[in-house]
Amino acid sequence: MEQRHLGRTGLRVSRIGLGTLTWGRNTDEHDAADQLKTFWDAGGTLVDTADVYADGSAEYLLGQLLDGLVPRRDLLIATKAGSVPDPDRRFDGSRGHLLAALDASLERLGTDYVDLWQIHAYDATTPLEETLQALDIAVSSGRARYAGVSNFCGWQLAKAATWQLASAGPRTRLASTQMEYSLLQRGIEREVLPAALDLGIGLLPSSPLGRGVLTGKYRHATPADSRGASEHMAPFVAPYLDDAASRIVDAVSIAADGLAATALQVALAWVRDRPGVAAPIVGARTAQQLRAALSVEALTLPDEIRQALDDVSAPVHRYPDHDWSTL
């Protein structure tokens, strides 16, 4: 699998990442092992998790598979901290919480360090410089090799990255931002993506298949074994089952037929090759589903197909996102 630099850093990651959101909940140890081995055999290196996935079970399950199944040195482990199961405070970006969460993640993962540690979300109740100091401490102490953020809007990302570049003393440059990005969700193109490109921050798209909708599986009905039929995940899928999404899914399917490819391959190739993207994070329930996603390595979309998909999925961005003089 092709390797790409993560932003303006020396870290190289596989251009498809393996997501573990369902590990420990819908994906058991056997299926997780099959996925990890399949991913590694295909040349994949970047494995993404978080301390809140299945209440820590995803990290623990990944840790159980390291070394015994796949050598730790062959993988780049990325995890996140900052989300908390508190209805009154969804995010905690305090230095104390973040560093304690990192130590707990390392224990569950059974490793001395993670390759990439990301703040899961912006915490408006904690000074940003305090949150970012946790990244500096994590890297300087060797517990994390690189650092990034997740779910920061444009101004939040720009402020955080600029603080790290401009403040005195040893500061850790932001390597990444993880955001939802697909043909069904192009909102980051307004401000987040331009900021990331300007500041040299690599983008790790989550839900690159539109929460599974871009595979075409929901075109005519909701499969009984799909996320859309799951009590836990159905609300996650529902926003992308409207008429606007259906038109985009139809266009992807038409493109796939013309290329003798699958809708999954077309949708994933589109986001993988967008400017600024380092590695879309693909989550699968089974190794078979993962192999289908990894088969995209051989596909590059022709310019006319890419442009057609750009046009059919184009979000409405007006003032001040576009050049005001043309409006």
Side-chain angles (χ1 to χ4, degrees), residues 7 19 21 48-53 55-56 58-59 78-105 114 116-140 143-144 146-182 185-207 211 235-236 239 276 281 315 317 319-321:
L21 175 65
D48 176 76
T49 189
D51 63 347
V52 293
Y53 290 174
D55 298 323
E59 287 183 329
T79 194
K80 297 177 285 291
S83 290
V84 292
D86 183 343
D88 298 321
R89 184 181 187 181
R90 291 184 58 201
F91 312 116
D92 187 345
S94 66
R95 181 174 58 246
H97 169 77
L98 291 174
L99 292 175
L102 175 57
D103 288 339
S105 289
V114 290
L116 177 65
W117 188 46
Q118 299 176 108
I119 304 301
H120 210 155
Y122 185 85
D123 176 14
T125 66
T126 299
L128 181 59
E129 54 268 32
E130 178 181 337
T131 297
L132 295 173
Q133 188 180 37
L135 297 181
D136 298 330
I137 294 171
V139 172
S140 64
R143 286 176 279 179
Y146 292 87
V149 296
S150 175
N151 297 309
F152 276 39
C153 72
W155 72 263
Q156 293 165 353
L157 176 64
K159 182 178 180 181
T162 302
W163 178 276
Q164 293 302 92
L165 291 172
S167 294
R171 308 305 297 250
T172 300
R173 183 190 190 102
L174 295 187
S176 65
T177 181
Q178 188 167 335
M179 303 289 292
E180 184 170 352
Y181 189 31
S182 73
Q185 179 52 271
R186 297 177 60 182
I188 67 165
E189 293 178 6
R190 297 188 67 175
E191 292 188 341
V192 175
L193 188 54
L197 287 168
D198 185 70
L199 292 160
I201 298 169
L203 177 64
L204 300 174
S206 58
S207 296
R211 307 181 183 184
F236 182 65
I281 306 299
H317 292 167
Y319 178 88
D321 304 297

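Here the structure is a predicted model, which is why all the values come from computation and not from measurement. Positions are given from 1 along the sequence.
Proximity of a side-chain donor or acceptor of Q178 to a complementary backbone N or O of L204 within less than 3.5 Å is not detected. In terms of modelled atom types and a separation under 3.5 Å, the side chain of S140 and the main chain of I137 share a donor-acceptor contact. T131 contributes a side-chain N or O that, together with a main-chain N or O of G93, makes up a donor-acceptor pair within less than 3.5 Å. The main-chain N or O of C153 is found under 3.5 Å from a side-chain atom of Q156 such that the two form a donor-acceptor pair. The closest donor-acceptor contact from the side chain of D136 to the backbone of R171 lies at 3.5 Å or more, if one exists at all.
Considering all non-hydrogen atoms of both residues, V52 and S83 come closest at CG1-O, 3.2 Å. Nearest heavy-atom pair, L135 versus A147, reported as atom, atom and distance to 0.1 Å: CD2-CB, 3.9 Å. In plain terms, the two heavy atoms of A121 and F152 that are nearest each other are C-CE1, 3.5 Å. Across every non-hydrogen atom of W163 and L132, the tightest pair is CD1-CD1, 3.6 Å. Shown here for L174 and I201, the closest heavy-atom pair between the two residues is O-CG1, 3.7 Å. Summarising the geometry of T126 relative to D123, their closest heavy-atom pair is OG1-OD2, 2.6 Å, with the distance given to 0.1 Å.
Using a 4.5 Å heavy-atom cutoff, the side chains of L193 and R186 are not in contact. For the pair L165 and L199, the minimum side-chain heavy-atom distance is below 4.5 Å. Residues T79 and W117 form a side-chain contact, since some pair of their non-hydrogen atoms from C-beta on lies under 4.5 Å apart. Residues T177 and I188 have side chains not in contact (no heavy-atom distance under 4.5 Å, counting atoms from C-beta outward). Using a 4.5 Å heavy-atom cutoff, the side chains of Q185 and R211 are not in contact. No side-chain heavy atom of I281 sits under 4.5 Å from any side-chain heavy atom of L21. By the 4.5 Å heavy-atom criterion applied to side chains, S105 and V114 are not counted as neighbours. Annotation: side chain of T125 is not in contact with side chain of F91 (no heavy-atom distance under 4.5 Å).
With values rounded to the nearest 0.5 angstrom, L203 atom CG is found 8.0 Å from M179 atom CE. Here the CG-CG distance, from L98 to D92, works out to 6.5 Å after rounding to the nearest 0.5 Å. Atoms CZ and CD, from R95 and E129 in turn, are 10.5 Å apart once rounded to the nearest 0.5 Å. Once rounded to the nearest 0.5 Å, the distance linking NE2 of H120 with OG of S150 reads 5.0 Å. Put simply, OG1 on T162 and CG on L157 are 8.5 Å apart, with the number rounded to the nearest 0.5 Å. The structure places CD of Q133 at 8.5 Å from CG of L99, a figure rounded to the nearest 0.5 Å.
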Dump the intermediate steps for side-chain contact (heavy atoms from CB on, under 4.5 Å) on D48 and Q118, then the final yes or no. CA-CA 10 Å; D48 176 76; Q118 299 176 108; 4.0 Å; yes
